[in-house]
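Notes for the one structure printed next.
For the numbers below, each heavy atom of this structure counts, side chains included, while hydrogens, waters and symmetry mates do not. Every value quoted in this text rests on a predicted model; they were computed, and no experiment measured them.
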Amino acid sequence: MKLLLHPSLQAISRRLPRSRRVNLVFRLSALILLLSVLEAFYHSQVSLSIPRPAEHHNLDEPFSIGCQDVSKLVTRPRESAVLVMLARNSELKEARKTVENVEERFNKWFNYPVLFLNNEPWSEEFVRGMKEVVSGEVRFEVIPEGIWGPTAGLTEEVVGEYLRKQKEEGVYKGEIEGYHHMCRFYSGEFYNLDALKEYKYYWRLEPGVSYGCSLTYDPFVMMADRGKKYGYTVALWEEPNTCPSLFRTVDEFRTQNNIPMHPNWKAMIDEETNWLLKPAPIRWLLGKVLRREHYDIKGEKWNLCHYWSNFEIADLDFFRGEQYQKLFRHLDKTGGFYRERWGDAPIHSLAVHLLLEAKEVHHFSDVGYYHEPFWQCPQNAKGKQLLDNEMIGKAPKGMGEEQEGGHGCRCECGLGKKGDWRRRNNRGICLEKLQRPAAYVRPSWWDLRRRRWPYSVGFDEEGRYVV
């Protein structure tokens with residue numbers, strides 16, 4: 001079949017010798033290729049670049065270097081805050097261990113209330129056991145009916161089919177209906193509970209987690225003083241098969257609500273793919289035509305990085321605010337919490353990077369934290385452990401050595417594996433990516449090439465504070 005050309009082009013073609021026609025096609029092809037390469041380079045290196053903060057300094061830094069004199073802090077006014085744990089009656093042993101740990105490391109000085117949530121009535125044994133270890137007010141609430149369960153309109157048969165399919169495909173915890181309920185609950189309904197209405201901040205606890213450092217300051221007061229709305233410890237990659245369409249769905253909300261691609265959102269976009277492979281036609285093909293997993297409609301790919309939400313200290317007003325709740329309803333109506341296995345961690349993370357500025361996000365780098373199988377643990381600040389402070393008490397037997405550049409308070413590392421004294425057992429790739437909008441001082445290209453990811457903003461890879 002002959003290629004149909006416009007009459008004027010046909011006339012030109014007939015007048016040109018064959019060699020010149022071939023040369024013209026070659027030159028046009030070369031020009032198109034060059035323009036595609038230039039566009040791909042500009043898109044990757046300019047349009048998606050994350051500028052250093054305009055303030056000319058890092059936008060996040062530790063709330064404390066070493067231990068603080070608690071006796072001078074406990075007399076100050078508290079914030080309206082609560083420690084929250086979602087647990088089952090059968091998790092009494094794990095829940096008690098975690099709360100005893102938090103009381104010893106923090107709450108015995110500050111006495112914030114602890115709220116326990118369950119989707120079933122509490123047993124007398126659990127209530128009695130937890131009252132024995134909480135220093136302040138303790139409450140036990142049952143999640144109201146209609147909040148813990150599937151998205152409205154999804155029948156048991158439809159949900160069952162989704163779970164069966166996810167089990168066949170090997171989706172992590174995809175076959176567990178209660179896990180889907182929990183992810184949906186923590187993604188939206190949690191923030192509207194009557195039990196939380198009187199509070200502005202919450203600290204999320206999980207049964208079985210461990211805290212390896214003492215927190216001798218009030219994190220809620222510091223969050224308020226520094227204008228922070230979300231705090232985290234660990235950043236990781238999400239399991240790819242749990243949420244194939246999540247990034248596209250969140251980005252649809254972004255475009256529908258005219259939210260710009262600001263630096264904090266750009267931190268969620270993959271930059272590992274060679275920019276030569278991402279010209280506009282390829283992006284259009286991947287996003288618009290093929291609708292590839294983890295791509296938005298414009299062909300940008302999510303890097304799968306997210307904050308581990310089993311530890312969160314955050315502003316409840318942000319999550320129960322109009323924008324976040326509107327985003328949750330947008331996600332919920334798609335059925336993705338059950339059709340796929342969307343987790344609350346990536347949803348919180350994408351929302352934080354979509355709706356907050358980089359300066360409103362805080363890495364609790366001084367918190368030693370272990371949730372199987374990952375941990376982080378800072379070095380102890382040299383000369384700032386207040387070993388003679390009576391209110392803090394005796395130093396733990398396993399306390400690590402004090403180090404120049406350290407910032408932890410009486411930290412015991414090796415939380416996850418005895419004898420493993422690493423600052424963390426997860427690579428810092430996602431942490432560096434997500435913190436980049438807040439980092440004025442950044443690791444060099446050579447450091448990243450050699451996999452020297454900083455412990456946090458302002459730290460080197462060994463956990464020494466260098467800013």
With under 30° as parallel and over 60° as perpendicular, where do the rings of Phe140 and Phe116 fit, or are they tilted in between?
parallel
Between atom CG of Leu154 and atom NE2 of His180, what is the distance when rounded to the nearest 0.5 Å?
11.5 Å
Side-chain donor or acceptor of Asn107 paired with backbone N/O of Tyr112 under 3.5 Å:
yes
Pick one: which of Phe190, Tyr230, Phe319, Phe253 meets ring pair (Phe, Tyr, Trp, His ring centres under 6.0 Å) with Tyr324?
Phe319
Assess whether side chain to side chain contact (heavy atoms under 4.5 Å, CB included) is satisfied between Val361 and Tyr232, documenting all intermediate values.
CA-CA 8 Å; Val361 184; Tyr232 64 93; 3.6 Å; yes
Distance-only side-chain donor-acceptor flag, Tyr217 / Asp366, under 3.5 Å:
yes
Could you walk me through whether Arg341 and Glu169 pass salt bridge (charged side-chain N to carboxylate O under 4.0 Å, His left out), step by step?
CA-CA 12 Å; Arg341 210 278 293 148; Glu169 295 175 350; over 6 Å; no
Are the side chain of Thr334 and the backbone of His330 linked by a donor-acceptor contact shorter than 3.5 Å?
no
If you measure from CG on Asp225 to CD on Glu79, what distance do you get to the nearest 0.5 Å?
7.5 Å
Among Asp251, Asn257, Asn258, whose side-chain hydrogen bond (donor to acceptor under 3.5 Å, both in side chains) with Arg254 holds?
Asp251
For Phe185 and Ile147, run side chain to side chain contact (heavy atoms under 4.5 Å, CB included): C-alpha distance rounded to whole Å, both residues' side-chain angles, the deciding distance at 0.1 Å, then the answer.
CA-CA 7 Å; Phe185 171 71; Ile147 290 181; 3.7 Å; yes
I'd like to know if Cys377 pairs up with Cys411 as a disulfide, counting it only when the SG to SG distance is below 2.5 Å.
no
Distance-only polar pair, side chains of His353 and Tyr307, donor-acceptor under 3.5 Å
yes
More than 12 non-hydrogen atoms from neighbouring residues, nucleotides or ligands closer than 6.0 Å to CD on Gln256, yes or no?
yes
Test Tyr211 against every option in Trp203, Phe106, Trp375 by the ring pair (Phe, Tyr, Trp, His ring centres under 6.0 Å) rule and name the one that passes.
Trp203
Do the ring centers of Tyr465 and Tyr455 come within less than 6.0 Å of each other?
no
Would you tell me whether Glu206 and His371 have side-chain atoms, one donor and one acceptor, within less than 3.5 Å of each other?
no
In this structure, are over 12 heavy atoms from other groups packed under 6.0 Å from Lys359 atom NZ?
no
Is there a donor-acceptor contact under 3.5 Å from the side chain of Glu372 to the main chain of Gly208?
no
In Å, rounded to the nearest 0.5 Å, how long is the span from CD of Glu461 to CZ of Arg451?
14.0 Å
Keeping Lys266 on the side-chain end and Ser47 on the backbone end, is there a donor-acceptor pair under 3.5 Å?
yes
Taking all non-hydrogen atoms of both residues, which atom of Pro207 and which atom of Ala95 are closest, and how far apart?
CB-N, 3.9 Å
Just how far is it from atom CG of Asp296 to atom CE of Met268, taken to the nearest 0.5 Å?
13.5 Å
How close do Asn101 and Val209 get, heavy atom to heavy atom, and via which atoms?
OD1-O, 4.3 Å
Would one find more than 12 heavy atoms of other residues, nucleotides or ligands at under 6.0 Å from atom CZ of Arg292?
no
Shorter than 2.5 angstrom, is that how the SG atoms of Cys430 and Cys305 come out?
yes
Could you verify whether a donor N or O on one side chain and an acceptor N or O on the other, from His348 and Ser309, lie under 3.5 Å apart?
no
His363 side chain vs Thr233 backbone, donor-acceptor pair below 3.5 Å
yes
side-chain hydrogen bond (donor to acceptor under 3.5 Å, both in side chains): pairs with one or both residues in residues 237-250, sequence neighbours excluded:
Ser245-Glu340
For a side chain to side chain donor-acceptor pair (under 3.5 Å) check, start with the C-alpha distance between Gln325 and Asn192, then their side-chain angles and the critical distance, and finish with the verdict.
CA-CA 10 Å; Gln325 288 296 311; Asn192 297 317; 3.1 Å; yes
Please evaluate residues Asn425 and Phe374 with respect to the criterion side chain to side chain contact (heavy atoms under 4.5 Å, CB included), reporting the C-alpha separation (whole Å), side-chain torsions for both, the decisive distance (0.1 Å), and the verdict.
CA-CA 6 Å; Asn425 67 336; Phe374 299 113; 3.7 Å; yes
Return the OH to CD distance between Tyr440 and Glu55, rounded to the nearest 0.5 Å.
11.0 Å
Side-chain ion pair, Glu189 and Arg184, N-O less than 4.0 Å
yes
Give the minimum heavy-atom separation between Lys200 and Asp317, together with the two atoms involved.
NZ-OD2, 3.1 Å
Side chains of Asp218 and Leu73: does their closest heavy-atom pair fall under 4.5 Å?
no
Ring center gap for Phe364 and Phe311 short of 6.0 angstrom
yes
Met85 and Val114: side chain to side chain contact (heavy atoms under 4.5 Å, CB included), yes or no, with the steps?
CA-CA 8 Å; Met85 178 183 286; Val114 181; 5.6 Å; no
Step through it carefully: locate the ring centre of Phe220, locate the ring centre of Phe110, and say whether they are under 6.0 Å apart.
no
Donor-acceptor check, side chain of His294 to backbone of Pro240, threshold 3.5 angstrom: yes or no?
yes
Look up atom CH2 in Trp342 and atom CG in Leu331, then write down how far apart they are to the nearest 0.5 Å.
5.0 Å
Taking all heavy atoms of Tyr338 and all of Pro150, pick out the closest pair and write down the distance.
OH-CA, 3.1 Å
Identify the residue among Glu104, Lys108, Glu103 that makes a side-chain hydrogen bond (donor to acceptor under 3.5 Å, both in side chains) with Ser135.
Glu103
Taking the basic N atoms (NZ, or NE/NH1/NH2) and the acidic carboxylate oxygens, is any pair closer than 4.0 Å for Asp315 and Lys229?
no
Looking only at heavy atoms, what is the nearest atom pair of Pro443 and Leu448, with distance?
CG-CD2, 3.7 Å
Taking the inter-plane angle between the rings of Phe459 and His407 on a 0 to 90° scale, is it parallel (under 30°), tilted (30 to 60°) or perpendicular (over 60°)?
tilted
Applying disulfide (SG to SG under 2.5 Å), name anything that partners Cys243, two or more places apart in sequence or on another chain.
none
Please answer whether the main-chain N or O of Val234 pairs with a side-chain N or O of Gln376 as donor and acceptor at a distance below 3.5 Å.
no
Can you check whether Gln68's main-chain N or O pairs, donor with acceptor, with Asn389's side chain at less than 3.5 Å?
no
Nearest atoms (heavy-atom pairs only) where Arg410 meets Arg105:
O-NH1, 2.9 Å
So, do Arg423 and Gln379 sit near enough that their side-chain heavy atoms are less than 4.5 Å apart?
yes
Arg96 side-chain N/O to Gly129 backbone N/O, donor-acceptor pair under 3.5 Å:
yes
Quick one: are Leu355 and Ile259 in side-chain contact, heavy atoms under 4.5 Å?
yes
Side-chain (Asp460) to main-chain (Gly463) donor-acceptor, under 3.5 angstrom
yes
